[in-house]
Amino acid sequence: MLGDSSKIALVASHTGKVLGSVILGGYAWYPQDAEPMNLSMLWSPTSSHLALMVRNTKRTWETRLYAASRKGLLAIELPSATKSALNLLGEKEIFRCCREQPAKWIAEDSLVVRASGDTRLKGNVIWYEVDVTYSVTKRSISNTKLISTEPHEG
């Protein structure tokens, strides 16, 4: 895999040929000069899918999913992990920031994304962490699990 500015490319290891690329846009820069925690990417067990955390605004990061094949990278649309996490908390908006970090593949079709950020809950700002599990083939959320909430300065 190669990357420059806001583009990521899939390269065949045996030939070095670029099979395809996608423009990430927004605040997405690879490699980033920022902290390594902002460079999250996970290949599925058979390397047929790539989950990638992308910074799309100053204060938001989202997970994007791509199918990888000899034809290149194909974006797979998934429901928002952040919206799912906020829904679990009974809230509608983030306070300042949110992150969707690919956490692990349970199986080839099952991806866990850690949604975290801050929101107002009962008038207080909290930091939340929620694991959101996706069914890749169904392009849907199969489970959400609250990991933690704690008071957060606001």
Side-chain angles (χ1 to χ4, degrees), residues 1-3 6-11 13 20-69 72-121 125-154:
M1 182 167 50
L2 295 175
S6 62
K7 185 189 324 183
I8 192 165
L10 180 65
V11 178
S13 61
S21 63
V22 292
I23 296 173
L24 300 175
Y27 281 82
W29 295 88
Y30 285 84
Q32 295 177 346
D33 294 325
E35 301 166 15
M37 66 187 265
N38 293 328
L39 296 172
S40 295
M41 63 178 76
L42 286 177
W43 283 99
S44 65
T46 64
S47 299
S48 62
H49 293 92
L50 172 66
L52 179 67
M53 186 171 76
V54 174
R55 184 176 179 187
N56 53 348
T57 71
K58 283 184 179 182
R59 296 182 177 172
T60 63
W61 289 260
E62 69 181 6
T63 291
R64 294 187 188 166
L65 183 64
Y66 297 93
S69 71
L73 292 169
L74 175 66
I76 297 176
E77 294 293 324
L78 295 173
S80 168
T82 298
K83 286 182 183 177
S84 180
L86 291 172
N87 186 49
L88 181 68
L89 295 167
E91 294 300 320
K92 297 200 183 323
E93 296 180 354
I94 64 168
F95 180 63
R96 280 186 301 229
C97 66
C98 64
R99 298 172 60 85
E100 297 177 5
Q101 186 169 13
K104 64 183 175 182
W105 287 88
I106 297 172
E108 186 63 30
D109 185 55
S110 191
L111 171 66
V112 177
V113 171
R114 173 71 52 96
S116 59
D118 55 11
T119 188
R120 287 189 186 272
L121 186 63
V125 178
I126 63 153
W127 185 263
Y128 64 86
E129 291 188 341
V130 174
D131 279 354
V132 177
T133 305
Y134 290 99
S135 166
V136 173
T137 53
K138 293 180 181 177
R139 299 182 183 204
S140 65
I141 294 171
S142 58
N143 190 38
T144 55
K145 178 182 177 183
L146 179 63
I147 302 302
S148 67
T149 61
E150 59 186 54
H152 191 66
E153 289 185 26

Which atom pair, heavy atoms only, marks the closest approach of [X] to [Y]?
X	Y	value
V113	A81	CG1-CB, 4.1 Å
H152	W127	CB-N, 3.6 Å
T144	S84	CG2-OG, 2.8 Å
K145	L88	C-CD2, 4.2 Å
A51	W105	CB-CZ2, 4.4 Å
V112	T133	CG2-OG1, 3.7 Å

Got a second to check how far [X]'s [atom1] is from [Y]'s [atom2], nearest 0.5 Å?
X	Y	atom1	atom2	result
R96	T60	CZ	OG1	14.5 Å
H49	S44	NE2	OG	6.0 Å
R114	D131	CZ	CG	4.0 Å
T57	E62	OG1	CD	9.0 Å
S148	E129	OG	CD	4.0 Å
L111	Y134	CG	OH	7.5 Å

Report yes or no: do E108 and S48 form a side-chain donor-acceptor pair below 3.5 Å?
->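 Checked: E108/S48 side chains pair up, N/O donor to acceptor below 3.5 Å.
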Would a distance-only check, ignoring hydrogens and angles, find a side-chain to backbone donor-acceptor pair under 3.5 Å from E77 to R139?
->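 Pair absent, no side-chain N/O of E77 close to backbone of R139.
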Below 4.0 angstrom, N of the basic side chain to O of the carboxylate: do E91 and R120 qualify?
->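 R120 and E91: not salt-bridged.
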Below 4.5 Å, heavy atoms only, C-beta onward: do D109 and S135 meet side chain to side chain?
->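 Yes, side chains in contact.
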Any side-chain heavy-atom pair of Y128 and C98 under 4.5 Å =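 Y128 reaches C98 side chain to side chain.
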In sequence, state the C-alpha distance, the side-chain angles, and the governing distance for L146 and V130, and then conclude on side chain to side chain contact (heavy atoms under 4.5 Å, CB included).
-> CA-CA 5 Å; L146 179 63; V130 174; 3.9 Å; yes
